[in-house]
Amino acid sequence: MKHVQLGNSSLSLSELSLGGMTLPKDQASTDKIIHTALDAGINWIDTADLYEQGANEERIGKSIVGRRSDVLLSTKVGNRFEEGKEGWTWDPNPKWIEEAIHHSLKRLNTDVIDLYQLHGGTKEDDWDAIIETFEKLQDKGLIRHYGISSIRPNVIYPYFEKSRAVSVMMQYSGLDRRPESVFPFLEQHEIGVLVRGGQAKGLLTDAALEKLEKISSFGSYTEEDLPTIVKQLAHDIPNLGAVSLHHILKQSAVSSVVIGTSKLNQLQDTLKNYYHSVTDDEIATYVALTKPEKYKEHVD
């Protein structure tokens, strides 16, 4: 599997990476998926302290025992929760970030996190203090690099103009092309894009019509126009899962696509799509059927 440098960092990521959020909740099934992914050449696993209130990090930490050198770990911080209680609150306070990192290190069974990401953010946050905290953790050797998970231009632009951050995680697919409006800025600043939601909840896979029966709208696509575009894509684009994946990977701003998988066969299907040969003409036809978009919220 091809590896790509993450922005201007020292990290070399596989083009496909494993998302922890949808991993099964039993250890044996999680182990099977993670070990299969690592054996297939995937070298990056992403999670967050918020997922299952830390239990997701714990299972991943157990799965990689003996294989830590084979994998790059990333997790996220910024949402405070109390174990056993529902819900969470946004808390990018430096004191919480400095406390939360140690909880994540312990759960992941590691002494360093390769990529530590702020899990959101608003323009009202104290960005100077947040950036200073992440750089302090980096200088202490607790994290190798840091980034952010955000789809807000009014957060993304100032964050990367002020910091040593190397990545941004964004939802991006043929059915949500808004990130293309910020790709030029990110490339100019040598920021790597980590894509989540690339399959649009399965609407851009070979099971698109089946998924459509359960999804009435997606992003800017309403219940009136979503069925039309999905049915047209399913009809006009053979191997839709492969074409939609390679469309993302073809974007020069993109470093890796995060795979959300709860079953082993889903991972295997994505690997099959990754190795399926896709032509530029197929991607061009696919793109022509979708609509370019720009962010309309959180711009100013």
Side-chain angles (χ1 to χ4, degrees), residues 15-17 19 21-22 46 48 76 117 119-122 147-157 159 167-187 191-234 236-237 239-261 266 270 273-274 278 282-300:
E15 285 193 309
L16 296 184
S17 47
M21 185 172 69
T22 56
D46 176 73
K76 310 180 193 76
Q117 302 163 94
H119 203 174
T122 71
I148 191 172
S149 177
S150 178
I151 57 171
R152 300 185 176 195
N154 63 6
V155 166
I156 291 171
Y157 291 140
Y159 186 66
S167 68
V168 57
M169 182 173 287
M170 315 178 77
Q171 177 174 291
Y172 175 57
S173 72
L175 293 181
D176 184 359
R177 293 175 55 192
R178 294 175 299 169
E180 291 174 9
S181 63
V182 300
F183 281 176
F185 169 85
L186 296 172
E187 289 192 85
I191 304 302
V193 175
L194 307 170
V195 172
R196 62 176 178 84
Q199 295 182 328
K201 296 183 177 179
L203 293 171
L204 296 175
T205 67
D206 297 330
L209 297 181
E210 178 183 341
K211 297 295 184 181
L212 184 60
E213 295 177 0
K214 303 176 183 179
I215 301 174
S216 59
S217 62
F218 184 87
S220 65
Y221 291 88
T222 66
E223 58 183 343
E224 285 79 24
D225 54 14
L226 181 64
T228 301
I229 181 61
V230 172
K231 289 177 181 178
Q232 187 172 13
L233 287 168
D236 293 357
I237 308 295
N239 303 305
L240 178 58
V243 175
S244 63
L245 174 61
H246 283 274
H247 159 249
I248 298 172
L249 292 173
K250 190 176 177 62
Q251 307 305 311
S252 55
V254 172
S255 297
S256 188
V257 178
V258 183
I259 306 169
T261 178
Q266 294 172 337
T270 304
N273 287 333
Y274 176 77
V278 173
E282 288 177 301
I283 294 177
T285 300
Y286 167 79
V287 171
L289 292 173
T290 66
K291 61 183 179 183
E293 299 180 80
K294 292 184 178 181
Y295 289 108
K296 297 178 180 180
E297 298 178 336
H298 308 294
V299 175
D300 299 320

Roughly how far apart are [X] [atom1] and [Y] [atom2], rounded to 0.5 Å?
| X | Y | atom1 | atom2 | result |
| --- | --- | --- | --- | --- |
| Met169 | Ser150 | CE | OG | 12.0 Å |
| Thr290 | Leu233 | OG1 | CG | 7.5 Å |
| Ser149 | Leu194 | OG | CG | 9.0 Å |
| Phe218 | Ile229 | CZ | CD1 | 12.5 Å |
| Leu245 | Gln199 | CG | CD | 7.5 Å |
| Asp46 | Met21 | CG | CE | 9.5 Å |

Are the side chain of [X] and the backbone N or O of [Y] linked by a donor-acceptor pair below 3.5 Å?
| X | Y | result |
| --- | --- | --- |
| Ser256 | Glu15 | yes |
| Asp206 | Leu240 | yes |
| His298 | Thr122 | no |
| Ser255 | Gly192 | no |

Would you say Glu224 has more than 12 foreign heavy atoms packed within less than 6.0 Å of its CD?
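More than 12 within 6.0 Å, yes.
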Please determine whether the number of non-hydrogen atoms from other residues, nucleotides or ligands lying under 6.0 Å from atom NZ of Lys250 exceeds 12.
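No, not enclosed.
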Which atom pair, heavy atoms only, marks the closest approach of [X] to [Y]?
| X | Y | value |
| --- | --- | --- |
| Ser181 | Tyr157 | O-OH, 4.1 Å |
| Glu282 | Ile237 | O-CD1, 4.4 Å |
| Pro153 | Tyr295 | CG-CD1, 3.6 Å |
| Phe183 | Ala253 | CG-CB, 3.8 Å |
| Met170 | Val182 | CE-CG2, 3.6 Å |
| Gly120 | Ile148 | O-CD1, 3.5 Å |

Would Ser220 and Lys296 count as a side chain to side chain donor-acceptor pair (under 3.5 Å) here? Give the steps.
CA-CA 11 Å; Ser220 65; Lys296 297 178 180 180; over 6 Å; no
Leu226 and side chain to side chain contact (heavy atoms under 4.5 Å, CB included): which partner among Thr228, Val230, Thr222?
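Output: one option passes, namely Val230.
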Going through the checks in order, is the side chain to side chain contact (heavy atoms under 4.5 Å, CB included) test met by Leu204 and Leu175?
CA-CA 8 Å; Leu204 296 175; Leu175 293 181; 4.0 Å; yes
When you compare the side chain of Asp300 with that of Asn154, does any pair of heavy atoms fall below 4.5 Å?
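A side-chain contact under 4.5 Å is absent here.
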Pairing residues for Arg196 by the salt bridge (charged side-chain N to carboxylate O under 4.0 Å, His left out) criterion, not counting sequence neighbours:
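Testing Arg196 for salt bridge (charged side-chain N to carboxylate O under 4.0 Å, His left out), a comparison that skips the adjacent residues, returns none.
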Provide the full list of salt bridge (charged side-chain N to carboxylate O under 4.0 Å, His left out) pairs with a residue in residues 167-186, sequence neighbours left out, each pair given once.
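As it turns out, the salt bridge (charged side-chain N to carboxylate O under 4.0 Å, His left out) pairs with a partner in residues 167-186, which skip direct neighbours, are Asp176-Arg178, Arg177-Glu180.
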Intermediate values then yes/no, side chain to side chain contact (heavy atoms under 4.5 Å, CB included), Leu186 and Val168:
CA-CA 9 Å; Leu186 296 172; Val168 57; 3.7 Å; yes
For His247 and Tyr172, take the angle between the two ring planes, folded into 0 to 90°, and tell me which bin it lands in: parallel under 30, tilted 30 to 60, perpendicular over 60.
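Answer is tilted, since the angle falls between 30° and 60°.
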